[in-house]
Participant: 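Below is a structure I'd like to ask you about.
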Amino acid sequence: MANSPGDVLAYFLALLFLFQCVQARTVTYDFNVTWVMANPDGLFEREVIGINGQWPLPPIEVDQGDRLIVNMYNGLGDKDTSIHFHGMFQNGTNGMDGPAMVTQCPIPPGSSFTYNFTIEQHGTYWYHCHTDGCYPDGYRQSLIVHDNSSYFYDMYDEEYTITMSDWYHKLVKDIMPSFISQSNPTGAEPIPQSFLFNDTLNSSLPVQPGKTYLLRLINISAFVAQYFYIEDHSFKIVEIDGVYTEPTEASMLYIAVAQRYTILVTMKNSTDQNYPIVTVVDSVLLDSIPSNLQLNYTNWLEYNASAAHPQADLKVSVCTDLTPFDDFNLVPYDRMPLLPDPDLTIDLTVYMKVLDNGADYSMFNNISYTKPKVPTLYTVLSAGDLATDATVYGDYTHTVVLEHNQVVQLVLNNGDTGSHPFHLHGHQFQVIDRAPGYGAHFYDYASGDPLPYDPSNHTTFPEYPARRDTFVLPPQGHFVIRFVADNPGVWFFHCHIDWHLAQGLGMLMIEAPSIIQERVTIPDGHYEVCKAAGVDFEGNAAGNAIDFLDLAGQNKQVGWLPAGFTARGIVAMVFSCASAFLGMAFISVYGASGIKSQKQKEPEMTEGNEASHEEL
Ligand SMILES: *[C@@H]1O[C@H](CO)[C@@H](O)[C@H](O)[C@H]1NC(C)=O
Ligand SMILES: *[C@@H]1O[C@H](CO)[C@@H](O)[C@H](O)[C@H]1NC(C)=O
Ligand SMILES: *[C@@H]1O[C@H](CO)[C@@H](O)[C@H](O)[C@H]1NC(C)=O
Ligand SMILES: *[C@@H]1O[C@H](CO)[C@@H](O)[C@H](O)[C@H]1NC(C)=O
Ligand SMILES: *[C@@H]1O[C@H](CO)[C@@H](O)[C@H](O)[C@H]1NC(C)=O
Ligand SMILES: *[C@@H]1O[C@H](CO)[C@@H](O)[C@H](O)[C@H]1NC(C)=O
Ligand SMILES: *[C@@H]1O[C@H](CO)[C@@H](O)[C@H](O)[C@H]1NC(C)=O
Ligand SMILES: *[C@@H]1O[C@H](CO)[C@@H](O)[C@H](O)[C@H]1NC(C)=O
Ligand SMILES: *[C@@H]1O[C@H](CO)[C@@H](O)[C@H](O)[C@H]1NC(C)=O
Ligand SMILES: *[C@@H]1O[C@H](CO)[C@@H](O)[C@H](O)[C@H]1NC(C)=O
Ligand SMILES: *[C@@H]1O[C@H](CO)[C@@H](O)[C@H](O)[C@H]1NC(C)=O
Ligand SMILES: *[C@@H]1O[C@H](CO)[C@@H](O)[C@H](O)[C@H]1NC(C)=O
Ligand SMILES: [Cu+2]
């Protein structure tokens with residue numbers, strides 16, 4: 001074939017065109033983070049964490065393959081901060097993951113920090129502050145990675161993103177001291193004052209008859225899970241936590257903190273009526289229910305702005321009429337098969353225990369996560385050959401060192417009567433076993449016997465297990481997940497109820513420390529932030545950069561109560577099918593009244609505890 005100069009030019013231009021088409025964009029956001037005033041529930045105006053003077057915060061939107069740059073300036077004046085991009089793998093960019101004292105220093109007031117990474121994923125995510133319990137103050141919003149090559153791209157006409165959250169009238173700094181304290185030995189979680197729908201209430205989504213909408217639902221709560229349904233409309237689930245699923249019909253969802261569901265909803269052809277979008281709070285999670293707390297909320301699919309906007313008909317019984325869809329059964333669209341038998345199994349049990357100071361803490365096994373003095377990633381980078389020795393990360397960060405590409409199985413048993421949404425940074429994991437299942441009996445185990453995982457007696461693992469990045473551990477039940485350690489980095493595994501994280505319900509997995517040392521570089525600006533914050537960025541968990549095996553001076557968890565003290569009394573739990581799922585006429589009373597009469601040991605802080613066991 002003869003190549004004329006014209007052909008060559010055309011070929012060259014075509015190449016150039018192709019190159020430009022596939023060349024990813026860089027999407028830059030400048031965030032000036034300051035306090036602003038907001039009143040999203042119409043009940044109370046309060047200070048919230050705003051960006052560029054605004055709240056609700058700006059959603060981040062990118063296309064798959066884009067580079068995202070977020071230049072963040074901390075203008076809060078009185079609070080450290082950082083951003084975690086929830087669900088992002090940060091493959092090769094571990095230093096951009098965001099949790100303070102894990103992969104970076106907390107960003108003090110007056111400092112700036114640049115997050116800079118590429119996004120080779122798609123779907124529905126969110127970003128939130130990951131320092132000292134700061135996202136309940138409003139620092140959280142959606143992060144959408146568009147993908148016009150998704151299998152459902154031509155199955156809808158328009159898309160909407162909706163966040164759902166709980167909302168407190170008090171600032172975290174005014175809640176936290178009394179939450180983790182001797183006066184709250186049962187660890188009763190703070191009760192939200194309301195539950196927001198896309199950061200407001202009473203909203204209408206304008207829709208057109210016959211069209212199909214893609215709804216991205218994101219639970220950005222700090223604590224409470226909710227049921228979601230639309231009256232007279234069913235839908236198809238197409239994505240959970242960034243993983244496309246086989247289209248799966250459902251009519252009700254249970255969305256726990258940090259979980260995302262993307263659904264396709266096809267509208268009716270008539271325009272005479274508007275339909276309630278109903279969210280019902282899972283009140284089982286609340287230790288007490290104030291009489292003025294609204295537990296069910298109506299928003300609308302608005303077909304006709306001038307027609308009535310009826311309140312939800314809550315006479316339906318969730319148990320008999322609707323059952324929340326069980327995410328365990330969702331098959332990923334890519335049909336990734338069950339991972340092979342694990343190279344490493346990590347066994348964990350969740351406990352809530354009163355420690356020596358009379359306050360309630362959460363722990364995996366006997367370790368309540370306590371911040372190290374040097375961010376753990378920076379310990380990896382400064383420890384040389386000792387980085388593979390878990391000793392250098394200290395006794396209270398609960399660090400497990402993983403080898404590159406190991407198949408890891410994590411068995412999580414719940415020694416607690418509450419449910420907990422667990423999140424693993426840097427991965428989507430396969431959920432291969434879980435008990436009990438959703439449904440009427442989900443909460444039965446809260447009052448009955450625990451149901452730990454029995455490796456010699458379990459149901460057959462799914463052939464194509466559901467994958468996601470956040471999963472709910474049922475009360476006194478268990479779940480078992482598998483993932484491949486193919487993402488060298490320091491990854492936090494923790495409960496996403498911010499109050500429980502503050503109580504220590506977290507641990508670290510360090511994948512392939514020597515590959516981290518080869519691949520991960522930290523921009524100088526990140527170390528400048530450490531200097532401004534007065535935090536060491538070299539050395540072991542105790543800040544010792546000379547002898548990495550000497551942990552003298554490390555932050556320690558609070559000491560154990562002497563034997564004989566009851567950790568947590570459960571006085572009464574009244575469950576019924578309807579109440580568990582609809583929160584009607586239902587109260588569960590955790591230990592508070594029971595334990596108050598017991599003699600508590602006087603608080604006795606061992607050195608460093610109060611300062612070190614801070615919330616994240
Ligand atoms: C951030 O916003 C505050 C308040 O509007 C302003 O005073 C400050 O100069 C801004 N800082 C930056 C770095 O943009
Ligand atoms: C929502 O509607 C309820 C009842 O219709 C009303 O009492 C409340 O003030 C509204 N809230 C907001 C934030 O619009
Ligand atoms: C972001 O990272 C890329 C790759 O390391 C680098 O080329 C670029 O200069 C960085 N941009 C900013 C604003 O830091
Ligand atoms: C898909 O998205 C890319 C990047 O935004 C764009 O260049 C391309 O035109 C889009 N394709 C379609 C079919 O919309
Ligand atoms: C939800 O709120 C965000 C941020 O304010 C906004 O961009 C988005 O359009 C809202 N979604 C709907 C469905 O109104
Ligand atoms: C979000 O998750 C929290 C915690 O699990 C839960 O209480 C709340 O009801 C959920 N919200 C929705 C709308 O699902
Ligand atoms: C709406 O009308 C279209 C076209 O007539 C039909 O295909 C579709 O099934 C109807 N949808 C519903 C929900 O009735
Ligand atoms: C819905 O909320 C209202 C107000 O909080 C309450 O009176 C009612 O009992 C609730 N209904 C259900 C079914 O939860
Ligand atoms: C919208 O609702 C009003 C009031 O019910 C009704 O009069 C009108 O015909 C409806 N419009 C359409 C387009 O259905
Ligand atoms: C937890 O238990 C293990 C084994 O019994 C023990 O070696 C370790 O020191 C304990 N950790 C704490 C924090 O008490
Ligand atoms: C195996 O598990 C099932 C279901 O949890 C239980 O009913 C059965 O008693 C168990 N069998 C043994 C031998 O533990
Ligand atoms: C990280 O990237 C490597 C290739 O560099 C790939 O093999 C691995 O699957 C990726 N891991 C994740 C979690 O994205
Ligand atoms: Cu929890």
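Remember, it's 1-based here, ligands and their atoms both numbered in the order they're listed.
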Participant: Can you tell me the protein heavy atom closest to atom 4 (C) of ligand 1 and the distance?
Facilitator: Thr34 CG2, 4.3 Å
Participant: In the structure I gave you, are the side-chain heavy atoms of Gln273 and Glu231 within less than 4.5 Å of one another anywhere?
Facilitator: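 Gln273 vs Glu231: side chains apart.
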Participant: Near Tyr160, which atoms of ligand 5 are under 4.0 Å from a heavy atom of that residue?
Facilitator: 13 (C)
Participant: Taking atom 7 (O) of ligand 1 as the reference point, report whether a protein heavy atom occurs under 4.0 Å from it.
Facilitator: no
Participant: How about Phe422 and Phe364: are their ring centroids closer than 6.0 Å?
Facilitator: yes
Participant: Is the shortest heavy-atom distance from the side chain of His494 to the side chain of Met507 under 4.5 Å?
Facilitator: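 Answer no - side chains too far apart.
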Participant: Quick check: Phe113 with Tyr115 (ring centres under 6.0 Å apart)?
Facilitator: yes
Participant: So if I count the atoms of ligand 5 from 1 in the order they appear, which ones are less than 4.0 Å from some heavy atom of Leu205?
Facilitator: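 By the 4.0 Å cutoff, the relevant atoms are 13 (C).
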Participant: Is there a side-chain contact between Gln193 and Lys170, using heavy atoms and a 4.5 Å cut-off?
Facilitator: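 Not touching, per the 4.5 Å side-chain cut-off.
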Participant: Identify, by atom number and element, the atoms of ligand 1 in contact range of Asn32, meaning under 4.0 Å from any of its heavy atoms.
Facilitator: 1 (C), 2 (O), 3 (C), 8 (C), 10 (C), 11 (N), 12 (C), 14 (O)
Participant: Between His420 and the Cu ion (ligand 13), is there a contact where an N/O/S atom of the residue lies under 2.8 Å from the metal?
Facilitator: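 Within the cut-off used here (under 2.8 Å), His420 does place an N, O or S atom near the Cu ion (ligand 13).
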Participant: Quick one: nearest non-hydrogen protein atom to atom 14 (O) of ligand 5, plus distance?
Facilitator: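 Looking only at protein heavy atoms, the one closest to atom 14 (O) of ligand 5 is Asn198 ND2, 3.6 Å.
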Participant: Please check atom 2 (O) of ligand 1 for a protein heavy-atom neighbour under 4.0 Å.
Facilitator: yes
Participant: Is the ring centre of Tyr168 less than 6.0 Å from the ring centre of Trp499?
Facilitator: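 Tyr168 vs Trp499: aromatic centres under 6.0 Å.
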Participant: Do Phe429 and Phe471 come within less than 4.5 Å of each other through their side chains, counting heavy atoms only?
Facilitator: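 Counting from C-beta outward, Phe429 and Phe471 do come under 4.5 Å.
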Participant: Short list, please: which atoms of ligand 5 are under 4.0 Å from a heavy atom of Gln141?
Facilitator: 4 (C)
Participant: Would you mind running through ligand 5 and noting each atom that sits below 4.0 Å from a heavy atom of Pro56?
Facilitator: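 Taking each heavy atom of Pro56 in turn, ligand 5 has 5 (O) under 4.0 Å.
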Participant: Would you give the length of the straight line joining atom CD of Gln259 to atom CZ of Arg468, rounded to the nearest 0.5 angstrom?
Facilitator: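 Atom-to-atom, Gln259:CD and Arg468:CZ are 4.0 Å apart.
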Participant: Just to be sure I read this right, does ligand 5 sit under 4.0 Å from the backbone of Pro59, its side chain, both, or neither, counting only heavy atoms?
Facilitator: side chain
Participant: Out of the N/O/S atoms in His500, what is the name of the one closest to the Cu ion (ligand 13)?
Facilitator: ND1
Participant: Ignoring hydrogens, tell whether any protein atom lies closer than 4.0 Å to atom 11 (N) of ligand 1; use the non-hydrogen atoms only.
Facilitator: yes
Participant: Would you call the rings of Trp126 and His496 parallel, tilted or perpendicular, taking 30° and 60° as the class edges?
Facilitator: tilted
